[in-house]
Amino acid sequence: MKAVLEYTLNLKGTHHISVTGSKSESNRLLLLQALYPGLIVENISKSDDSVVLAKGLQVEHGTVDIHHAGTAMRFLTAYFASQQGKEVILTGSARMQERPIGILVDALRELGAHIEYEKTEGYPPLKIIGKELLKETVAVKANISSQFISALMLIAPFLEKGLKIHLEGKVTSTPYIEMTLNLLRQLGIDGSFSENLIAISPLKKAEIVQAKKLTVESDWSSASYFYSIVALSQDASITIDSYKQDSLQGDSALSDLYTHLGVKTEFSEATNSLKLTKGPSTNDPISFDLSNTPDIAQTIAVTCFGLGKGCFLTGLHTLKIKETDRLEALKVELQKLGGQVEITEDSLRLFPSIKISEGIEIDTYHDHRMAMAFAPLALKTDLQINDCMVVTKSFPTYWEDLKALGFKLSLLEK
C-alpha cells in the first residue's frame, strides 16, 4: 500500500485533531497493570505496539510474537523473566531479530533470570523461564536505550527487595527514565534517580490490591507531525487534545524546539489542549542536541529541509538500532528529494537547499516514523509514501487525520 499526497499550498484556517494516548506511557502502564491488579488505565494508545504488548502480557506459556514492537520486546523480556511459573519463546520480525537485546539479558541474568538465546547470541528470539529474582543490585551501561533501564525499573517494585540500578557512564534519554519513575510514584512506590543510581523500593503486599486510576496523556511524538505541518504551511492553526504543560514525556521539548522553526505553542489548562500557530522563525543556525528526544529527529530534519534550512542534529546514536537505521534512511530519502546530508554514528548535518524534487517515492523501511515525518512535505511538493500503513505501529488514524486537515490523499495498492 502506498499513499499519494498531492501538491498543495493552501492549508489555512483552524483545525482540531485528537491524538491517541502516549505509546511510551501506555506501554509502561500496561506492564504495571499486569503486575498491579488494582490499576485502571484510561486513554490507552491504540498503536500496534501497545496492542501486541497487551496481548503478550496475557500469555502464560508458548510463543509470544511482538512483530516490530521494540518496546514490547524489552518490557516483556523483563516481565517474563520475573514471573515464576511462566515459560515463553519471545520473538519478533526479521528486523527485530537483528536488534540487540544482550545488555538487558545480561542484567536480568545478573539478577538470577533464566534466559536462553534461540538463534544468535545477543539477539531475539529468547527462551524465558520465569523465576523469582532475589538479587537487589545490577549494573548497566548508562548510554543504552532507556527502554532497557525502564524495563528493569518496572519490575523492580515487585521484587522482594526492590532494586538498585547502577548506571555506568553518561546517562542518555533521561526524560524516559524520569517518566518511568514518575509513574511508579503515582502508584505510591518509592523511588529515586540521583546521579548514576536508580533505587526502587519494593511494593508492600497490602498496597498491591488497592485500586488506582491513571489517565494516559496524548502522545507528544505524534504531535511532532502537526508541528511540522504548521511550520511548512502558510498560515495554519491546529489544536490537538489532550496535553499537559507539565508533561512526563521528553518529546514535549517540541514546544520549545519548534519556536526556532516558526511554530508558537499555546497551552489551555481548561481543555488540556495545545494550539499550534505560525510564528516567526529564527535565522540562526539550527543545532539541537536530541539525546533526550531522539524520536523527533526525523520530523525536525524533514521540517528543516522543507523550509530550506540547514540543521545539525546530535545525540542520535540510538537511531542506528531502531526499526531501521534511521540515520542512513533519512540520508537516502532526503537525497532523493534533492537534499545534501552528512551523517556519523550519532549525528546528522543537513545543508540548506532551495529546490525540492517532485514526484519522489519515499521508502519507509518498515519504520512508522519515516512515513509520518515525510508526509508533511506534501505542502511543498507532490510525493508518494511507500508501505504507508506502517503508521499503525504508533498512530493508526494518521492518514485520516491528514485528510481532515485538507490534504489530498489517495491510498493505492503498490
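All residue numbers refer to positions in the sequence shown, counting from 1. What you see is a predicted model; the values in this text were computed from it and never measured.
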Candidate list Phe226, Tyr227, Phe267, Trp220, test ring-ring contact (aromatic ring centres under 6.0 Å, His included), partner Tyr243, passing option: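 With Tyr243 as partner, Phe226, Tyr227, Phe267, Trp220 yield a single ring-ring contact (aromatic ring centres under 6.0 Å, His included), made by Trp220.
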How about [atom1] on [X], more than 12 heavy atoms from neighbouring residues, nucleotides or ligands closer than 6.0 Å, or not?
X: Lys86; atom1: NZ; answer: yes
X: His317; atom1: NE2; answer: yes
X: Lys46; atom1: NZ; answer: no
X: Glu195; atom1: CD; answer: no
X: Lys336; atom1: NZ; answer: yes

Validation row, ring centre Tyr225 to ring centre Tyr398 under 6.0 Å: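 Yes; Tyr398 has its ring centre under 6.0 Å from that of Tyr225.
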Any side-chain donor near an acceptor of the partner, Ser47 and Ser394, under 3.5 Å: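 No, Ser394 and Ser47 have no side-chain donor paired with an acceptor closer than 3.5 Å.
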Donor-acceptor side-chain pairing of Gln97 and Thr120 below 3.5 angstrom: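 No pair is found: no donor N or O on one side chain lies under 3.5 Å from an acceptor on the other.
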salt_bridge(Lys278, Asp235) N-O dist < 4.0 Å: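 Not counted as a salt bridge, because no side-chain N and carboxylate O are separated by less than 4.0 Å.
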Residues Asp295, Arg326: salt bridge by 4.0 Å N-O rule: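 Yes.
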Report yes if some heavy atom in the side chain of [X] is under 4.5 Å from a heavy atom in the side chain of [Y]; otherwise report no.
X: Tyr258; Y: Leu276; value: no
X: Phe374; Y: Asp363; value: no
X: Leu232; Y: Ser228; value: yes

With Ile17, the side-chain contact (heavy atoms from CB on, under 4.5 Å) member among Leu274, Thr239, Ile240: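 Only match with Ile17 under side-chain contact (heavy atoms from CB on, under 4.5 Å): Ile240.
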Residue of the set Gln147, Glu25, Met153 for which side-chain contact (heavy atoms from CB on, under 4.5 Å) holds with Thr180: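 Single pass found, and it is Met153.
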For Gly250 against Pro175, the heavy-atom pair lying closest together: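 That closest heavy-atom pairing would be CA-CB, 3.5 Å.
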